[in-house]
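Both counts, for ligands and for their atoms, begin at 1 and track the order of listing.
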Amino acid sequence: MRYISTRGRVEAKGFIDTVLMGLADDGGLMVPEQIPQVPVATLEQWATLSYRELLLEVFALYINDEIPREDLEQLVERSYASFRHPEVTPVKKINESLSILELFHGPTFAFKDVALQFMGEFYSYVSKKQNEIIHILGATSGDTGAAAIQGVRGKEGIKICILHPHQKVSKVQELQMTTVDDENVLNLSVKGNFDDCQKVIKDLFADLDFKGKHHLRAINSINFVRILAQTVYYFYAYFRAQESAGTKKINVSVPSGNFGNIFSGFLAKKMGLPIHKLIIATNENNILERFVKTGDYKPGDFKSTYSPSMDIQVASNFERYLYYFVGEDAAKVSEYMNNLKTEGRIVISAEDLQRVQQDFEALGASNEQCLELIQKYKAEYDYLLDPHTACGIAAYEAHNGADEVCVTFATAHPAKFDEAIRLVDIKQQFPAEIEQLFSKPQHQQVVEHDEAEIVRQLEAFYA
Ligand SMILES: Cc1ncc(COP(=O)(O)O)c(C=O)c1O
Ligand SMILES: N[C@@H](CCOP(=O)(O)O)C(=O)O
């Protein structure tokens, strides 16, 4: 398998080089040259595999022989040894039409651990095997940063710098990132929002001299390996839902911001997994909902909500979807992305919108809906939703049809977002791993939203 850029101006690469490249050198995102197809007979065989076995099968379709099978098995073992649940991502049945895929059993209690524990091991492997310098640079609205730091803290040959928006992440997210005292970790708390942080890192990755000089590597979902690792749990969730769905169609409802998680579902669907609808759940930052309903992709005003990890206007992975939407025409993607830059929007025709709506439904939940659902599910099912998952439930309730079942993704543990949980007078007990963070000293540099200042910090750190 070779990988190419959505903008068509990068020579095809193998898997390891694609991961090391992160953002494509022409500013696009890397995608596989062809999406591997999984026949129905293979899906039937995969249906009983464990999470780890499934991962090996999915990855085998994408990495050729660049990582020997035994090495991959060890990477997988090490990656998921830190998970607190033997199934890695268990599925809980809530009622006849709803199950919840719990993606928060990793070390930092959010879905990001699933891909980033693997990525930490992968970078460590490549650093040792190929003597590569790994200087990670990432942006976070709270969860990616915590998971990435946890995945590589103290690892030889690796340094990591994470930009997070100052005072716009939850207290637990901030503590998870900033109480780490390993010397290979730098936290920059940027006076701006997540979109500002993401733009800075995209600019720096697009500056090929800077990227090359400092050996910059990406951990955000601009990196294709993140997408691939997230694809595995779509298969796992589908197979669990299938066990009791009978003849009903299976939907997934996915709390979304940067469009990485749901794009992994789109990829799984394109590989042949017969998911019926991909339901995009956002909060009041509802650019994705507006696109699915009207065909107008236009960043709006940034809003701070109770689900801060999804406070995102510019959804990074939307470009990967566009690539498939326009029939893998890189010139057309470049034109659309240029429109976004110069005119501030991408508009598609009513006819094309119907194609979008064949795959996707969408809902942007309000802050009030989010709190109501946290209360309702606690009262009716004794299940405590985190506010992001509550947005997923709102979208499931709005869009799941009578002959359909839905797996809603629980993307974070409620303990990470106690600010919202307290508003509905629910007192939760923190897991010990989170409780102990409150007594630790924090390490972070607060910086202006100023690229030159951030560059100075990075040059000193990576030297
Ligand atoms: C808890 C949580 N839910 C949902 C999302 C949205 O996922 P994505 O950015 O992949 O769309 C994020 C952040 O990305 C998150 O941290
Ligand atoms: N919500 C994310 C935002 C970054 O998304 P990514 O999937 O591109 O890493 C976060 O928690 O940081």
Atom 16 (O) of ligand 1: nearest protein contact (heavy atom, Å): Asp143 OD2, 2.5 Å
Name the one of Lys112, Lys416, His388 that satisfies side-chain hydrogen bond (donor to acceptor under 3.5 Å, both in side chains) with Asp143? Lys416
Do Ser97 and Tyr396 meet the criterion of a side-chain donor-acceptor pair at a distance under 3.5 Å? yes
Does the side chain of Tyr123 pick up a donor-acceptor pair with the side chain of Glu132 at under 3.5 Å? no
To check your reading of the model: name the closest protein heavy atom to atom 4 (C) of ligand 1, its residue, and the distance in Å. Pro255 O, 3.4 Å
Aromatic centroids of Tyr462 and His135 separated by under 6.0 Å: yes
Does at least one non-hydrogen atom of Met310 fall below 4.0 angstrom from an atom of ligand 2? no
Proximity of Asn258 to ligand 2 by residue part, where a heavy atom lies under 4.0 Å: side chain
Ligand 1 versus Phe111, non-hydrogen atoms closer than 4.0 Å: side chain, backbone, both, neither? side chain
Test item: side-chain donor near acceptor, Arg226 and Asn223, under 3.5 Å: no
Quick check: does Lys112 get an N/O under 3.5 Å from an N/O on ligand 1? yes
If we only consider heavy atoms of Gln173, is any one of them less than 4.0 Å away from an atom in ligand 2? no
Ligand 1 versus Asn258: contacting region, heavy-atom distance under 4.0 Å: both
Consider only side-chain N and O atoms of Asn220 and Asn258, and report whether a donor and an acceptor are under 3.5 Å apart. no
Does the pair Lys277/Glu361 count as a salt bridge with the N-to-O cut at 4.0 Å? yes
If you measure every N or O of Ser221 against every N or O of ligand 2, does any of those distances drop under 3.5 Å? yes
Check whether any heavy atom of Ser316 sits under 4.0 Å from an atom of ligand 2. no
Taking only heavy atoms of Ala412, which atoms of ligand 1 are found under 4.0 Å from at least one of them? 1 (C)
For the ring pair Phe239 and Tyr233, is the centre-to-centre distance below 6.0 Å? no
for atom 3 (N) of ligand 1, nearest protein heavy atom and its distance come out as Thr411 OG1, 2.8 Å
Which of the atoms of ligand 1 are close to Gly260, meaning less than 4.0 Å from one of its heavy atoms? 8 (P), 10 (O), 11 (O)
